2 protein chains.
Amino acid sequence: MTRPTTKDLAKAAGVSLATVDRVLNRRSGVRKVTVERVTRAIADIGFVRDMSAANLARGKEYRMVFLLPDHDDEFIDLVCDSINEANRALHSERTSAVVIRVPANDPHRIAARLDELSADGVDGVAIMTPESPQVRDAISRLDSRGIAVVAFVSNQPNADNALFVGVNNEAAGRTVGQLMARFTGAQAGVVLVLTETIQSRDSQERRLGFDVIMAKYADRLTVRPTMETYGDPQRTTRIIHTALQGREPVVGIYLMHHDIGETMRAIESEGGAGEMVIIGHELTPDTRARLIDGTLDAVITQDVGHLVRSSIRILRAKAEQVGTIASQERIRIEITLRENMPE
Amino acid sequence: MTRPTTKDLAKAAGVSLATVDRVLNRRSGVRKVTVERVTRAIADIGFVRDMSAANLARGKEYRMVFLLPDHDDEFIDLVCDSINEANRALHSERTSAVVIRVPANDPHRIAARLDELSADGVDGVAIMTPESPQVRDAISRLDSRGIAVVAFVSNQPNADNALFVGVNNEAAGRTVGQLMARFTGAQAGVVLVLTETIQSRDSQERRLGFDVIMAKYADRLTVRPTMETYGDPQRTTRIIHTALQGREPVVGIYLMHHDIGETMRAIESEGGAGEMVIIGHELTPDTRARLIDGTLDAVITQDVGHLVRSSIRILRAKAEQVGTIASQERIRIEITLRENMPE
DNA sequence: CGATATATGAGGCACGCACCTCAAAAATCA
DNA sequence: TGATTTTTGAGGTGCGTGCCTCATATATCG
């Protein structure tokens, strides 16, 4: 009734412990037929190797790295907090995670930093940077050195050795669209879409999804082209000012970027935010406060703690060559209103 | 740079390994002053005991029990699936979880079953049954025998040794209220509230929260008293038939119970479900399909896999007397629309 | 103060596995 | 067939901890 051990496996396969060890740890010097005999015995008796005992014996410490962009926003802050929090719990699982910041817009620097990692005895890397050929190649190099990689929050669609941990941004955009359509009720008017820069793939995908839904309400809602703030408060204020001057009333605003504090202040200073429906992304101290006071109507979120823990679990599973619970690693597109806000 | 071990701790405290062991495992025969010296040393050098090594040495297998009501509905099915899924992963953590079904309305039987558990070498119990004095006392007995207990999905408000793993149902009700108010747009009319039985505490709390929000829209929306289906299809059809006959139009329906398949069929057969807003709870194969075809507008969910895993983590942490990551164990009130439905 | 009770130390074996060495067996080659 | 190479077995040590025994040191009491 108790779990089979390596001893049981040796007996079942009719080989010695030494050979079992050689097979389990892929050491050389074992005939193919013997490997197969052991493999069959593993399946027969349902042997699963006790990884905690193995890691104990091995004295192995897993080292994970999160490669994050070096600009500061509230979302990144949350990610760092979560990593620190996870680190404490990971301590007892012989795993640690560190953060490395890189300039998001310098693919060569990022790739170079990734290349350095292989020397440091790193076991896994979670990468949150825009995709680029340089990074894609660096990922492929990491992979061939046996270092596990996941794409964190931002997908790396062309790097097929990096599993994506994050949400489907197109679906997130559709979700916002649906909420926008329903929250604006029967009102007719203009819907604005703002982001920091349209360069970001996330923004593009969100917009795509948003438009899919908005198209169904074209008779009532007019969606304007995406306006870019470039993170510049003055520019932001100006474009919002202009947009609100239009003849048709603005009934909704979709803020696609992180760190919407500046933008929200600009909207308020221009007298918006009253009756219009405003929807943004990511639950931060700022957006929380705005959900409570009602200036934001809904926030689309991904659970940052979950993102971090899931990434680490996946990296570990890759390093240990074991499976994961798929349902546990699926990141949800969460809709947060004032009423269901956690805490 | 490496983690301190018991050896380091012994050296730091100026005692022997045997004494460290006595203190760590709360064995008797150690003077208070010595215990304190070791305790201080633990804090000083930041010792954290390697639980995987400890469990290995101890040969300990944690045995968890989920006590679930014996009636079958889709939600319970999901819970059982998740437990089985978790079990596979738990295998490598020396933990197993089994399900025991009990008649939900027989507090004495439930209490008796709980009392039996102590004999079986069970380490933790997750209880999903209506609260009752008998169960409350049985929980207290389990606690005094050192068996960890959590209240699973349904709170046990008077059992203070059972942590609650689930959502705040009053907040869930408020969330539904907010969605109902916004999704009905500017329409005026009647809102129906249905449940299987008003006896269920969950239903009562949800209704309470729902009414808080509905009260703000009293000029537009008239909320009817909760109607009970008693799980009887004919009765359900009859009360819905009557409700839809009224002079004022029905603009929304809130289904507070699990397993709303029957009720939805009754609504459809009575010609409802067309323009009205219908909101229910729990994401099951049935409600998924209804979100997709549009008969349901929104579903309020708790992540069942998360509920199960979180319960097990908490039970283990209690048994091992270690802490948990609070943010990881917080169950969210999830809003699921067609657009953000997982998978 | 000695007798007794209590605290503490030293050491060993075990858990399931990794990793090492050395010798013996089996397969391969000339 | 004998020499060489490859494969396998036997056995040991250690990872960090639990748990046990026995001897010794220290405190407590009459």
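Owing to the predicted nature of the structure, the values given are computational and were not obtained by experimental measurement.
Note on R31(B): every side-chain N or O is 4.0 Å or more away from OP1 and OP2 of dT6(C). Contact annotation: S16(B) side-chain N/O to dT8(C) OP1/OP2 distance is not under 4.0 Å. Note on T5(B): every side-chain N or O is 4.0 Å or more away from OP1 and OP2 of dG16(D). For T6(B), a side-chain nitrogen or oxygen approaches OP1 or OP2 of dT17(D) to under 4.0 Å.
N25(B) comes within contact range of the sugar-phosphate backbone alone, with a heavy-atom separation under 4.0 Å but no base atom that close. Within 4.0 Å of D50(B), counting heavy atoms only, lie sugar-phosphate atoms of the nucleic acid but no base atom. Across all strands shown, A18(A) has heavy atoms under 4.0 Å from base atoms, whether or not it also approaches the sugar-phosphate. Nucleic acid contact for R49(B): sugar-phosphate only, since backbone atoms but no base atoms lie under 4.0 Å from a heavy atom of the residue. When heavy atoms are screened at a 4.0 angstrom cut-off, G59(B) is found touching no nucleic acid atom at all.
Considering only the side chain of L56(A), dG16(D) comes nearest among dT8(D), dG16(D), dC19(C). Of the listed nucleotides (dC19(C), dT8(C), dC17(C)), dC19(C) has the atom at the smallest distance from the side chain of R27(A). Nearest nucleotide to the T34(B) side chain, out of dT8(D), dA14(C), dA7(C): dA7(C).
As a whole-Å value, the separation of E320(B) CD from dG16(D) P is 18 Å. Here the C1' atom of nucleotide dG16(D) and the CG atom of D8(B) are 11 Å apart, to the nearest Å. Rounded to an integer number of Å, the gap from L17(B) CG to dT8(C) C1' is 12 Å.
Using a 3.5 Å distance cut-off with no hydrogens or angles, the side chains of E93(B) and N55(B) do not pair a donor with an acceptor.
The nearest heavy atom of DNA chain D to M51(B) and to R22(B) marks one nucleotide each, and the one closer to the 5' end goes with M51(B).
With respect to the salt-bridge test (charged N to carboxylate O, under 4.0 angstrom), the residues R101(A) and D72(A) qualify.
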